[in-house]
Amino acid sequence: MNVYDIIRRPVITEQSMADIADKKYVFMVDINANKTEIKAAVEEAFGVKVAKVNTIRMIGKVKRTGAYPAGRRPAYKKAIVTLTADSKTIELFEGMV
């Protein structure tokens with residue numbers, strides 16, 4: 001499995017951008033990936049040291065489609081990756097803060 005199969009995309013929100021000051025980065029990841037796979041993928045892709053990984057399973061919301069039947073957005077998994085104090089930052093997020 002490729003590292004980019006595990007790490008899908010960064011999550012860009014006000015809260016996730018505020019956490020960058022504490023070296024916390026939020027990524028949307030593969031729904032079947034575990035914490036050790038996510039840690040290895042982030043370390044390999046960005047060349048950083050990961051201290052901790054927290055994961056959250058997000059259930060897809062039910063949305064109205066006008067009439068019967070209601071649609072559903074897809075479920076996904078988020079990972080909050082905390083880097084070690086001596087690790088460099090991830091350049092992908094540099095211009096966004």
Side-chain angles (χ1 to χ4, degrees):
M1 199 176 213
N2 187 356
V3 294
Y4 298 107
D5 292 334
I6 295 172
I7 302 170
R8 296 284 166 83
R9 64 181 182 87
V11 176
I12 310 300
T13 61
E14 283 186 31
Q15 187 173 356
S16 69
M17 293 295 106
D19 287 342
I20 289 178
D22 300 330
K23 289 196 172 185
K24 291 183 180 180
Y25 297 91
V26 184
F27 295 98
M28 191 175 288
V29 296
D30 180 52
I31 204 156
N32 298 316
N34 61 32
K35 290 182 181 186
T36 54
E37 291 172 341
I38 294 166
K39 178 180 178 178
V42 170
E43 287 178 344
E44 184 180 333
F46 301 109
V48 294
K49 293 181 194 169
V50 175
K52 187 166 83 168
V53 177
N54 295 78
T55 57
I56 306 161
R57 288 282 302 261
M58 303 298 290
I59 306 300
K61 291 182 178 178
V62 175
K63 288 292 179 180
R64 292 284 304 272
T65 56
Y68 178 83
R72 180 176 278 278
R73 289 191 177 163
Y76 60 96
K77 189 181 219 180
K78 286 195 303 190
I80 302 167
V81 178
T82 306
L83 304 183
T84 59
D86 60 338
S87 176
K88 67 183 182 91
T89 59
I90 296 177
E91 289 83 16
L92 178 71
F93 293 89
E94 286 298 314
M96 297 181 201
V97 180

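Nothing here was measured: the structure is a model prediction, and the numbers come from that model.
- Listed by first and then second residue, the salt bridge (Lys or Arg N to Asp or Glu O under 4.0 Å) pairs that reach into residues 17-41 are Arg8-Asp30, sequence neighbours excluded.
- Considering every non-hydrogen atom in both Thr89 and Val48, the closest pair reads O-CG1, 4.2 Å.
- The ring-ring contact (aromatic ring centres under 6.0 Å, His included) analysis of residues 30-58, with sequence neighbours excluded, yields the pairs Phe27-Phe46.
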Go through the steps to decide whether Ile59 and Arg72 satisfy the test side chain to side chain contact (heavy atoms under 4.5 Å, CB included), and finish with yes or no.
-> CA-CA 10 Å; Ile59 306 300; Arg72 180 176 278 278; 3.8 Å; yes
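- Legend: residues meeting side-chain hydrogen bond (donor to acceptor under 3.5 Å, both in side chains) with Asn54, ordered by chain and number and at least two apart, are absent.
- For the pair Val50/Thr84, no side-chain contact is recorded, criterion being any heavy-atom separation below 4.5 Å from C-beta on.
- Scanning for side chain to side chain contact (heavy atoms under 4.5 Å, CB included) contacts around Lys77 gives Val29, Ile31, Thr55, Arg57, with sequence neighbours left out.
- Every residue meeting the salt bridge (charged side-chain N to carboxylate O under 4.0 Å, His left out) condition with Lys49, not counting sequence neighbours, appears here in chain and number order: Asp86.
- For Thr82, there are no side-chain hydrogen bond (donor to acceptor under 3.5 Å, both in side chains) partners, not counting sequence neighbours.
- If you chain together ILVMFWY residues whose side-chain heavy atoms come under 4.5 Å of each other, Ile56 ends up grouped with Val11, Val26, Met28, Met58, Tyr76, Ile80.
- With sequence neighbours excluded, the residues satisfying side chain to side chain contact (heavy atoms under 4.5 Å, CB included) with Lys61 are Lys63.
- Every side-chain hydrogen bond (donor to acceptor under 3.5 Å, both in side chains) that Thr13 has, sequence neighbours left out, goes to Ser16.
- Under the side chain to side chain contact (heavy atoms under 4.5 Å, CB included) criterion, Asn2 pairs with Tyr4, Asp5, sequence neighbours left out.
- A search for side chain to side chain contact (heavy atoms under 4.5 Å, CB included) contacts involving Glu44 returns Val3, not counting sequence neighbours.
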